[in-house]
Amino acid sequence: MREKDIFSKPLILWYLKNRRDLPWRKSRDPYRIWLSEIILQQTRIAQGTEYYEKFTTEFDTVFELAAASEEQVLKLWQGLGYYSRARNLHETARHLAERLNGKFPENYPGLVQLKGVGDYTASAIASIAFELPHATVDGNVYRVLSRFFGISTPIDTSQGIREFKSLAQELLDTDQPGNHNQAVMELGALVCTPKRPKCETCPLQEHCYAHLAKQTDLLPVKKGKTKVRKRYFNYLVLDSSEGLTRIKKRTGRDIWKHLYEFPLIESSESVADFESIENHVVQEFDLGKNYGLKKFNSETVVHKLSHQELHMDFWLIRTDEKLAQTTAWKDLENHALPVPLQNFVDKYKGDS
DNA sequence: AATCCGGGGAT
DNA sequence: ATCCCAGGATT
C-alpha cells in the first residue's frame, strides 16, 4: 500500500517520538481507557485531565464506580459540562459490574451497545485497549484527513461522516491500530491545529494537499452555524437565620438536567422588576412580610453556553422564619451545581 | 438530517 | 467575538 508509506508510517514514527505523556497512556486497563474517552468527549485534554485524576483516585476499578451514588458521580463531574455523560458513565459502570462481571466487551459491537459509547468511543477502546482494527474519527481526524487529501465534503453531514470514517478505516495500520489512531489525533492536536497549523514540523507536509495548495485555512469544511438563544434567569436565594437555603433538582428537557439550583424564575425578557420578584418570593416560600429582599449582584451575570446565553440575577431573601424543604448551605458541597451557581455560592459565602 | 447538551481555552 | 474541543442521544 502506497498510502501507508506516505501517511501511516511517517505518522506513527512521528508519534512514537513526540507523544505526550498522558496519564491514561500509562495503562491498558479498558476501564481507564473508557473513562478517559468519556471524559474527553468534546473536551480538551487540559480540562479533562484533572477530572481523570479525580475519578481514578476516587474509583480505582469499575466496581468502585458502580458502588458510588449518582449524586456523588455528578458532584465529581461538576464543572465538566455535558452532564448526561456522567449519568451514562455511572449507569454503564453498574451494567458492567452487575451484568458483565466487571469485564468490558472485547469487540466493537459489544462496546458500542454501552450507554454513552458511540462509534468514536467504541473504536477508541477497541483499538487502544484491545488492538482491534477500528478507526477513530474525532475532530482531529477530520482536520488531518480533510487537509492531507484535500477533501471538502462538509464534516457535519451524514455524507461527510460516512466518507471520513471509510477513509480512516482504509488508512488504518491494522498491525498497530492503537498507535495509529492516537497518532492521527495527536498530530491534529499538536501540529495540524485549527488555526495556524505548524506545517514546518509536520511529518506529512511533503504530500499534504492543503499545505502544498496553501489551503489549510479552508479545510475542513463545516456547514452549520449554531445560533444562540438568550435567556433570563432570576434566582431566588433563601438565606434563613438558621443557615438554611432552598434548592431544587432540575428536570425536563433542558440544560443542567439532574443538577441543583435555587428556585428559578425565568422571564422572556431582561426584566428585573422588583415587584414581580417579590410576588414570586411570597409564592415560592409562603412568606408574609417578615423577610428582606435585595438583589445580590450589581451587574447581571452573563454565562455563555454553546447554544445559549444566560443572563442571571440573584435575589437574596433573608428571613427568621422556619421553612420546609430547605438545605443547609454547608450541604451544598454534596450537590452538583452548574458552574455559575457554584460561582455565586463561593462569592456569597466568601462575603458572609 | 437537525438539534441539543457545557465549559473553557486559543485566536 | 468566534471557533472548537479524543461526541452521543434524541427528535
Side-chain angles (χ1 to χ4, degrees), chain A residues 15 19-20 22-25 33-52 74 77-89 91-92 111-128 134-144 154-162 164-165 168 178 180-190 192-197 217 220-229 231 250 252-259 302-310 336-343:
Chain A
Y15 172 69
R19 52 180 284 195
R20 289 168 290 181
L22 302 171
W24 46 89
R25 287 184 175 158
I33 306 296
W34 165 69
L35 176 61
S36 73
E37 293 299 345
I38 301 298
I39 287 175
L40 292 172
Q41 286 168 3
Q42 288 292 288
T43 303
R44 305 226 171 215
I45 300 234
Q47 186 187 6
T49 300
E50 65 177 286
Y51 286 84
Y52 176 82
L74 277 170
W77 197 272
Q78 176 179 309
L80 198 52
Y82 287 152
Y83 296 94
S84 66
R85 286 184 293 168
R87 294 185 7 108
N88 289 146
L89 180 82
E91 188 175 336
T92 292
L111 289 166
V112 83
Q113 275 186 286
L114 304 174
K115 284 200 177 174
V117 175
D119 175 71
Y120 164 78
T121 304
S123 299
I125 301 171
S127 62
I128 298 171
H134 295 272
T136 54
V137 181
D138 72 337
N140 293 305
V141 178
Y142 282 124
R143 205 161 47 247
V144 170
I155 62 173
D156 55 348
T157 61
S158 48
Q159 190 189 340
I161 293 170
R162 275 198 308 275
F164 282 97
K165 175 73 183 185
H180 175 105
N181 281 333
Q182 295 186 80
V184 186
M185 296 190 281
E186 194 81 340
L187 188 78
L190 298 181
C192 197
T193 48
K195 305 270 177 73
R196 297 173 16 147
D217 56 334
V221 174
K222 274 187 90 172
K223 208 179 176 188
K225 291 181 184 173
T226 60
K227 42 188 170 242
V228 177
R229 175 166 66 122
R231 300 175 73 178
R250 283 183 67 89
R253 304 184 310 199
D254 203 349
I255 56 172
W256 300 334
K257 193 169 162 189
H258 299 106
L259 271 63
V302 180
H303 186 75
K304 294 180 177 180
L305 308 178
S306 30
H307 289 74
Q308 300 184 22
E309 185 175 293
L310 308 177
L337 307 179
V339 162
L341 279 281
Q342 184 67 60
N343 288 345

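Reminder, nothing fancy here: chain letters follow the sequence lines and each chain counts from 1. All values derive from a computational prediction rather than experimental measurement.
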Discussion item. Please classify the nucleic acid contact of A:Thr121 as base, sugar-phosphate, or nothing, using heavy-atom distances under 4.0 Å.
Written reply: sugar-phosphate

Discussion item. Side chain of A:His307, heavy atoms from C-beta onward: which of B:dC5, B:dG6, C:dA6 has the nearest atom to it?
Written reply: B:dC5

Worksheet item: A:Gln182 has a side chain; which of B:dG8, B:dG6, C:dA6 sits nearest to it?
Response: C:dA6

Worksheet entry | Whether A:Gln41 side chain and A:Gly116 backbone form a donor-acceptor pair below 3.5 Å | yes

Discussion item. Distance check needed: C:dG8 P versus A:Leu111 CG, whole Å only.
Written reply: 12 Å

Worksheet item: How far, in whole Å, is C:dA9 from B:dG8 if one measures between their P atoms?
Response: 24 Å

Item to complete: Provide the distance between the two C1' atoms, one in B:dC5 and one in C:dC4, to the nearest whole Å.
Response: 15 Å

Item to complete: Calculate the interatomic distance between A:Tyr82 atom OH and C:dA6 atom P; express it in whole Å.
Response: 13 Å

Worksheet item: Reckon A:Arg143 touches a base, only the sugar-phosphate, or nothing at all at heavy-atom distances under 4.0 Å?
Response: sugar-phosphate

Fill in: Nearest-Å distance once atom C1' is located in both B:dT3 and C:dA6
22 Å

Worksheet entry | Whole-Å gap separating P (B:dG7) and CZ (A:Arg85) | 11 Å

Discussion item. Going by side chain to side chain donor-acceptor pair (under 3.5 Å), name the residues that satisfy it together with A:Glu50, two or more places apart in sequence or in a different chain.
Written reply: none

Item to complete: Answer with base, sugar-phosphate or nothing: what part of the nucleic acid does A:Gln308 contact at a heavy-atom distance below 4.0 Å?
Response: sugar-phosphate

Worksheet item: Across the strands shown, which category fits A:Asp119 at heavy-atom distances under 4.0 angstrom: base, sugar-phosphate, nothing?
Response: sugar-phosphate

Practice prompt. Mind checking A:Trp77 for me? I need base, sugar-phosphate or nothing, with any heavy atom below 4.0 Å counting as a touch.
Written response: nothing

Worksheet entry | Under 4.0 angstrom between A:Tyr142 side-chain N/O and C:dC4 OP1 or OP2 | no

Discussion item. Can you tell me if A:Gln41 touches the phosphate of C:dG7, counting only side-chain N or O atoms and a distance under 4.0 Å to OP1 or OP2?
Written reply: no

Worksheet, complete the sentence: Checking C:dA6, C:dG7, B:dG7 against the side chain of A:Ile45 (C-beta onward), the nearest is C:dA6

Worksheet, complete the sentence: When rounded to the nearest 0.5 Å, the distance separating OH of A:Tyr15 from CG of A:Leu190 is 10.0 Å

Discussion item. Could you check whether any side-chain N or O of A:Ser127 sits under 3.5 Å from a backbone N or O of A:Ala124, counting only pairs where one atom can act as donor and the other as acceptor?
Written reply: yes

Worksheet item: Using a cut-off of 4.0 Å on non-hydrogen atoms, how would the nucleic acid contact of A:Lys222 be classed: base, sugar-phosphate, or nothing?
Response: sugar-phosphate

Worksheet item: Under the salt bridge (Lys or Arg N to Asp or Glu O under 4.0 Å) test, which residues partner A:Arg25, sequence neighbours left out?
Response: A:Glu186

Practice prompt. Give a yes/no on whether any side-chain N or O of A:Thr43 is located under 4.0 angstrom from OP1 or OP2 of C:dA6.
Written response: no

Practice prompt. With rounding to the nearest 0.5 Å, note down the distance linking CH2 in A:Trp256 to CG in A:Leu305.
Written response: 6.0 Å

Practice prompt. Kindly point out which of B:dA2, C:dA6, B:dG7 is positioned nearest to the side chain of A:Glu37?
Written response: C:dA6

Worksheet item: What distance separates A:Ile39 CD1 from A:Trp34 CH2, expressed to the nearest 0.5 Å?
Response: 9.5 Å

Discussion item. Tell me whether the side-chain N/O atoms of A:Lys304 come closer than 4.0 Å to OP1 or OP2 in B:dG8.
Written reply: no

Item to complete: Side chain of A:His303 only, please: which of C:dA6, B:dC5, B:dG7 is the nearest?
Response: B:dG7

Item to complete: Just jot down the side chain to side chain donor-acceptor pair (under 3.5 Å) partners of A:Arg85, sequence neighbours excluded, or say none.
Response: A:Thr43

Worksheet item: Can you check the A:Ile161 CD1 to C:dG8 C1' distance for me, whole Å?
Response: 11 Å

Worksheet entry | Whole-Å gap separating P (C:dC4) and CG (A:Leu40) | 19 Å

Worksheet, complete the sentence: Side-chain contact check for A:Leu22: nearest option of B:dA2, B:dG6, C:dA6 is C:dA6

Item to complete: Return the value, rounded to whole Å, for the distance between atom CG of A:Asp156 and atom P of C:dG8.
Response: 16 Å

Worksheet item: Can you list every salt bridge (Lys or Arg N to Asp or Glu O under 4.0 Å) pair that touches residues 113-125 of chain A, not counting sequence neighbours?
Response: A:Glu91-A:Lys115, A:Asp119-A:Lys165

Worksheet item: Atom CG in A:Leu40, atom CD in A:Gln47: separation rounded to 0.5 Å?
Response: 10.0 Å

Worksheet item: At under 4.0 Å between heavy atoms, what does A:Gly79 touch on the DNA or RNA strands: base, sugar-phosphate, or nothing?
Response: sugar-phosphate

Worksheet item: Atom CZ of A:Arg87 and atom C1' of B:dC5: how far apart are they, to the nearest Å?
Response: 13 Å

Table of protein N/O atoms under 3.5 Å from nucleotides 9-11 of chain B N/O atoms:
none

Worksheet item: NZ of A:Lys195 to CG of A:Asp217: how many Å apart, nearest 0.5 Å?
Response: 10.5 Å

Worksheet item: In whole Å, what is the span from the CD atom of A:Gln78 to the P atom of B:dC5?
Response: 19 Å

Practice prompt. Check every strand shown and say whether A:Leu80 touches a base, only sugar-phosphate, or nothing at a heavy-atom separation below 4.0 Å.
Written response: base

Practice prompt. Between A:Lys227 and A:Leu305, just flag the one whose closest nucleotide in DNA chain B comes earlier from the 5' side.
Written response: A:Lys227

Using the 3.5 Å cut-off, write out each protein N or O paired with an N or O of nucleotides 9-11 of chain C and the distance between them.
from  : atom 1 : to       : atom 2 : distance (Å)
C:dA9 : OP1    : A:Gly116 : N      : 2.7

Fill in: Distance, nearest 0.5 Å, that separates CG of A:Leu89 from CG of A:Leu114
11.0 Å

